[in-house]
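Shown next, in structure tokens, is the structure this report addresses.
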Amino acid sequence: MIMQWLRRFMYGRYGTDSLNRFLSVVSLILLFLSMITRWTAFYLPALLLMLYTLFRSLSRNSYQRGRENQVYLQMKGKVTPVFTKIKTRYRQRKTHSFFKCQSCHTTLRVPKGRGRVKITCPKCKLSFEGST
Ligand SMILES: [Zn+2]
């Protein structure tokens with residue numbers, strides 16, 4: 001009964017997408033922070049984000065909402081590799097040293113504990129010395 005009503009209510013409306021899921025998580029984190037810190041500075045943004053998320057899922061303008069989601073996915077695609085890189089480096093910090101090629105800015109990974117070594121960039125063939 002309720003499901004039927006909900007299905008009819010949501011008909012033609014945008015529903016949820018990656019951006020909405022992301023916004024929900026952010027607003028829940030903000031709400032949680034405002035609860036533990038009792039700081040209202042987190043509460044208002046959390047509320048506004050929730051309202052915006054609700055507005056997006058009830059919106060009938062699927063085209064515009066889809067475009068917003070595309071922009072979000074593009075930004076996410078740029079940010080995610082940066083975090084992946086930081087995570088990989090942190091996990092390998094005891095076994096590998098990381099160098100940046102001065103010529104093409106490629107990150108080079110060298111095993112640790114070999115003293116001073118000559119490093120050759122596989123991309124542009126530039127050689128330089130580094131201590132591991
Ligand atoms: Zn290079």
Side-chain angles (χ1 to χ4, degrees):
M1 189 64 181
I2 288 169
M3 286 312 285
Q4 257 179 354
W5 176 83
L6 195 69
R7 203 174 300 146
R8 212 173 313 135
F9 179 73
M10 286 307 288
Y11 181 78
R13 294 179 193 266
Y14 185 63
T16 195
D17 61 7
S18 316
L19 177 56
N20 264 6
R21 276 191 291 273
F22 173 72
L23 292 174
S24 307
V25 169
V26 172
S27 59
L28 282 178
I29 290 171
L30 288 174
L31 202 68
F32 181 70
L33 283 176
S34 82
M35 262 158 55
I36 56 170
T37 60
R38 297 183 180 277
W39 208 30
T40 44
F42 290 119
Y43 186 69
L44 194 66
L47 205 70
L48 288 175
L49 269 182
M50 272 178 194
L51 285 174
Y52 181 58
T53 310
L54 192 69
F55 156 77
R56 288 193 76 248
S57 50
L58 296 182
S59 170
R60 292 184 191 277
N61 189 350
S62 294
Y63 177 71
Q64 192 55 39
R65 302 291 85 78
R67 278 181 52 167
E68 288 163 4
N69 193 44
Q70 279 305 310
V71 171
Y72 161 70
L73 288 176
Q74 269 170 18
M75 287 190 330
K76 191 182 169 198
K78 279 180 197 156
V79 171
T80 308
V82 176
F83 281 108
T84 309
K85 205 168 139 185
I86 292 171
K87 231 163 68 185
T88 310
R89 271 195 190 203
Y90 185 75
R91 215 180 292 134
Q92 300 178 341
R93 72 192 182 283
K94 282 176 183 156
T95 53
H96 292 85
S97 293
F98 292 87
F99 296 92
K100 193 166 229 168
C101 172
Q102 278 112 12
S103 146
C104 68
H105 304 293
T106 304
T107 302
L108 306 168
R109 198 185 65 159
V110 183
K112 256 189 176 167
R114 302 204 173 168
R116 281 197 79 77
V117 288
K118 197 176 138 201
I119 302 155
T120 307
C121 174
K123 215 165 149 189
C124 69
K125 309 294 175 207
L126 178 87
S127 285
F128 57 94
E129 273 198 3
S131 55
T132 56

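In what follows, residues are counted from 1 in the order of the sequence shown. Since this is a predicted model, take the numbers as computed values, not measurements.
- Checked against side-chain contact (heavy atoms from CB on, under 4.5 Å), T40 has no partners two or more places apart in sequence or in another chain.
- M50 and V26 are not part of a single hydrophobic cluster, where members link through side-chain heavy atoms under 4.5 Å apart.
- The shortest heavy-atom contact between P81 and G77 is CD-O, 3.0 Å.
- For T80, the side-chain hydrogen bond (donor to acceptor under 3.5 Å, both in side chains) criterion is met by no residue, not counting sequence neighbours.
- S57 and R13 make their closest contact through O-CB, 3.8 Å (heavy atoms, listed as atom of the first residue, atom of the second, distance).
- Remark: R116 pairs with E129 by the salt bridge (Lys or Arg N to Asp or Glu O under 4.0 Å) rule, at least two apart or across chains.
- Annotation for K112: atom NZ counts as buried by contact number, over 12 foreign heavy atoms lying within 6.0 Å.
- Take R21 and apply the side-chain contact (heavy atoms from CB on, under 4.5 Å) test, not counting sequence neighbours, and it matches T16, S18.
- Across every non-hydrogen atom of S27 and L49, the tightest pair is CB-CB, 3.7 Å.
- Under the side-chain hydrogen bond (donor to acceptor under 3.5 Å, both in side chains) criterion, D17 pairs with Y14, R56, not counting sequence neighbours.
- Under a cut-off of 6.0 angstrom, the local environment of CZ in R89 is crowded, with over 12 non-hydrogen atoms contributed by other residues, nucleotides or ligands.
- K123 NZ to L108 CG: the interatomic distance, rounded to the nearest 0.5 Å, is 10.0 Å.
- For the atom pair CG (L48) and OH (Y43), the distance works out to 10.5 Å, reported to the nearest 0.5 Å.
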Contacts under 3.5 angstrom, residues 92-105 side chains, donor-acceptor by atom type, not counting sequence neighbours:
| residue | atom | partner | partner atom | Å |
| --- | --- | --- | --- | --- |
| Q92 | OE1 | R109 | NH1 | 3.1 |
| R93 | NH1 | Y90 | O | 2.7 |
| T95 | OG1 | Q92 | O | 3.3 |

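- At a threshold of 4.5 Å between side-chain heavy atoms, the hydrophobic network of Ile, Leu, Val, Met, Phe, Trp and Tyr places L44 and L51 in two separate groups.
- Counting Ile, Leu, Val, Met, Phe, Trp and Tyr side chains that sit under 4.5 Å apart, directly or through other members, I2 stands alone, with no cluster partners.
- Checked against ring-ring contact (aromatic ring centres under 6.0 Å, His included), Y72 has the following partners two or more places apart in sequence or in another chain: F22.
- V25 and Y52 fall within the same hydrophobic cluster, where Ile, Leu, Val, Met, Phe, Trp and Tyr residues are linked whenever their side-chain heavy atoms come under 4.5 Å apart, directly or through other members.
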For residues 28-38, run the donor-acceptor check on the side chains, cut-off 3.5 Å, and write out each pair with its distance to 0.1 Å, sequence neighbours left out.
| residue | atom | partner | partner atom | Å |
| --- | --- | --- | --- | --- |
| S34 | OG | L31 | O | 2.9 |
| T37 | OG1 | L33 | O | 2.6 |
| T37 | OG1 | W39 | N | 3.3 |

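- In this structure T88 satisfies the side-chain hydrogen bond (donor to acceptor under 3.5 Å, both in side chains) test with no other residue, sequence neighbours excluded.
- If you chain together ILVMFWY residues whose side-chain heavy atoms come under 4.5 Å of each other, L6 ends up grouped with W5, F9, M10, L54, L58.
- The shortest non-hydrogen separation linking T53 to N20 is O-ND2, 3.4 Å.
- Rounding to the nearest 0.5 Å places CZ of R7 at 6.5 Å from CD of Q4.
- Residue I86 is found in a hydrophobic cluster whose other members, listed by chain and number, are V82; membership requires side-chain heavy atoms under 4.5 Å apart, directly or through intermediates.
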